[in-house]
Amino acid sequence: MSKPALLSLHQALRKSFQGLESNQKVWSGVLAECSPLMASLGNLAEQWRALSNVQLSNTPLRDFPDLEERLRFKLVQATDTVLCKLNEKMSSLQSVRDSISNQVTAVFQLYEENTDSLDLLTVTERSVTSPSISDMLEWLQDAERHYREQFLRRKTLLQTLRADDLSLLESAPKRWKSFESPSAEDRITDTLCKVSFFIKSQ
């Protein structure tokens with residue numbers, strides 16, 4: 001591979017891993033902000049269930065004829081507010097996913113543009129401070145796939161939730177938590193450790 005092409009590919013790989021590192025932090029931060037919102041959703045579902053199970057007309061509260069209607073209205077409003085906030089968080093997660101995806105696409109595009117001048121040794125050669133180009137491309141692809149799938153699962157779940165569907169609201173916090181993938185996040189952190197010297201070497 002020609003030296004200028006190799007240098008520009010290394011530069012693009014560095015930029016991608018730097019982007020991945022900062023985006024991983026943003027992603028984790030946004031997910032941390034989603035946790036209390038999902039807990040609120042679970043609490044609201046419990047309140048919905050409690051209201052559905054009680055006959056207000058058989059309690060002293062029957063003296064307030066429109067109480068049930070007012071409580072339902074307040075619960076709808078509160079549920080919609082939480083869902084709205086969660087959708088805002090999804091926009092942040094989408095920005096992270098798009099940023100990672102765009103950077104990885106750019107690296108692969110540059111790699112493909114230079115395949116004619118690549119030889120197997122250049123692509124697979126490792127050094128003490130630098131993993132091979134093929135390893136780094138694979139790691140970036142794995143990270144991009146992870147964030148793409150994570151975003152899709154969470155977005156799909158939120159799209160199914162409605163204030164009037166109690167069973168979905170009740171199961172939402174557990175389903176959201178089930179999407180967590182600590183092993184995949186650990187692999188990405190491990191990857192960033194493996195490329196740390198490479199990123200710093202210019």
Side-chain angles (χ1 to χ4, degrees), residues 1-35 37 85-160 175-202:
M1 187 179 192
S2 68
K3 197 161 174 67
L6 184 61
L7 286 172
S8 63
L9 184 56
H10 275 173
Q11 201 54 45
L13 283 163
R14 276 189 198 97
K15 190 179 170 189
S16 261
F17 282 115
Q18 285 165 340
L20 178 61
E21 190 169 18
S22 58
N23 277 313
Q24 186 192 35
K25 287 173 187 156
V26 174
W27 181 276
S28 299
V30 175
L31 281 187
E33 290 166 8
C34 288
S35 293
L37 291 170
K85 285 179 181 171
L86 280 165
N87 279 314
E88 285 169 17
K89 300 297 176 196
M90 287 310 296
S91 295
S92 301
L93 293 179
Q94 185 169 356
S95 296
V96 171
R97 182 208 64 179
D98 290 348
S99 173
I100 292 170
S101 188
N102 291 340
Q103 285 175 332
V104 173
T105 301
V107 171
F108 271 87
Q109 214 168 340
L110 186 63
Y111 170 74
E112 280 159 21
E113 283 167 13
N114 291 286
T115 46
D116 291 346
S117 56
L118 286 170
D119 58 73
L120 193 60
L121 182 64
T122 307
V123 175
T124 56
E125 192 176 25
R126 296 181 180 94
S127 72
V128 178
T129 56
S130 173
S132 70
I133 290 170
S134 63
D135 281 345
M136 290 191 279
L137 288 172
E138 188 182 341
W139 295 338
L140 283 173
Q141 215 167 23
D142 289 345
E144 192 272 335
R145 188 184 308 112
H146 165 68
Y147 289 114
R148 184 166 23 92
E149 288 172 358
Q150 277 286 308
F151 173 76
L152 194 60
R153 283 184 188 135
R154 293 174 192 280
K155 185 178 172 69
T156 304
L157 171 61
L158 286 184
Q159 283 175 334
T160 65
R175 287 171 66 199
W176 182 269
K177 195 161 178 56
S178 75
F179 297 148
E180 288 176 9
S181 183
S183 60
E185 285 294 332
D186 287 346
R187 276 196 301 276
I188 291 167
T189 302
D190 187 43
T191 291
L192 291 167
C193 285
K194 287 176 186 170
V195 297
S196 59
F197 285 118
F198 169 73
I199 290 172
K200 286 168 189 158
S201 66
Q202 293 296 326

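Here the structure is a predicted model, which means the values were calculated and not measured. Keep in mind that the numbers below use all heavy atoms, side chains included, and drop hydrogens, waters and symmetry copies.
Residues W176 and L31 are in side-chain contact: their nearest non-hydrogen atoms beyond the backbone lie under 4.5 Å apart. Side-chain contact between V128 and F197 is absent, with no heavy-atom pair separated by less than 4.5 Å. Side-chain atoms of E113 and Q109, non-hydrogen and from C-beta on, do get closer than 4.5 Å to each other. Contact of the E185 side chain with the E180 side chain is not registered, since no non-hydrogen atoms from C-beta on lie closer than 4.5 Å. Using a 4.5 Å cut-off on side-chain heavy atoms (C-beta onward), S134 and E138 make no contact. The shortest distance between side-chain heavy atoms of L9 and I133 falls below 4.5 Å. Side-chain contact between S196 and L192 is absent, with no heavy atoms from C-beta onward closer than 4.5 Å. Proximity of L13 to L140: side-chain heavy atoms (C-beta onward) are separated by under 4.5 Å at one or more points.
We find the CG-CG distance between L86 and L158 to be 5.5 Å, quoted to the nearest 0.5 Å. Distance CD1/I199 to NZ/K15: 14.0 Å, rounded to 0.5 Å. To the nearest 0.5 Å, atoms CD (E144) and CG (L20) are separated by 10.5 Å. Rounded to the nearest 0.5 Å, atoms CD (E125) and OG (S130) are 9.0 Å apart. Note that CD1 of I188 and CD of Q24 are 6.0 Å apart. Values are rounded to the nearest 0.5 Å. Taking CD from E88 and SG from C34, the interatomic distance works out to 10.5 Å, rounded to the nearest 0.5 Å.
Under a 3.5 Å cut-off, the side chain of T124 and the backbone N or O of L120 do form a donor-acceptor pair. In terms of modelled atom types and a separation under 3.5 Å, the side chain of T115 and the main chain of Y111 share no donor-acceptor contact. Within the 3.5 Å criterion, the main-chain N or O of W139 finds no donor-acceptor partner in the side chain of R187. Between the S99 side chain and the S95 main chain, no donor and acceptor come within less than 3.5 Å of each other. Although no hydrogens or angles enter the test, the distance criterion places no donor-acceptor pair under 3.5 Å between the side chain of N114 and the main chain of S117.
The minimum heavy-atom distance linking R175 with T160 is given by the pair NH1-OG1, 4.3 Å. Across S8 and L110, no two heavy atoms sit closer than the pair O-CD2, 3.4 Å. Minimum interatomic distance between E33 and K89 (heavy atoms only, all atoms of both residues): OE1-NZ, 2.7 Å. Heavy-atom minimum distance, M136 versus P131: CE-O, 3.4 Å.
With sequence neighbours left out, the side-chain hydrogen bond (donor to acceptor under 3.5 Å, both in side chains) criterion links D135 to R126, S132.
Taking 4.0 Å as the cut-off between side-chain N and carboxylate O, R145 and D142 count as a salt-bridged pair.
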Derivation of the side chain to side chain contact (heavy atoms under 4.5 Å, CB included) call for K177 and S35: CA-CA 9 Å; K177 195 161 178 56; S35 293; over 6 Å; no

CA sep, side-chain torsions, deciding dist, call: L157, F179, side chain to side chain contact (heavy atoms under 4.5 Å, CB included): CA-CA 10 Å; L157 171 61; F179 297 148; 3.8 Å; yes

Step-by-step side chain to side chain contact (heavy atoms under 4.5 Å, CB included) determination, D190 to K194: CA-CA 6 Å; D190 187 43; K194 287 176 186 170; 3.4 Å; yes

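Residues Q150 and R154 bring a donor and an acceptor atom of their side chains to less than 3.5 Å of each other.
In the displayed structure, K85 atom NZ is contacted under 6.0 Å by at most 12 heavy atoms of other residues, nucleotides or ligands.
Sequence neighbours left out, the pairs with a member in residues 3-31 that pass ring-ring contact (aromatic ring centres under 6.0 Å, His included) are H10-F198, W27-Y147.
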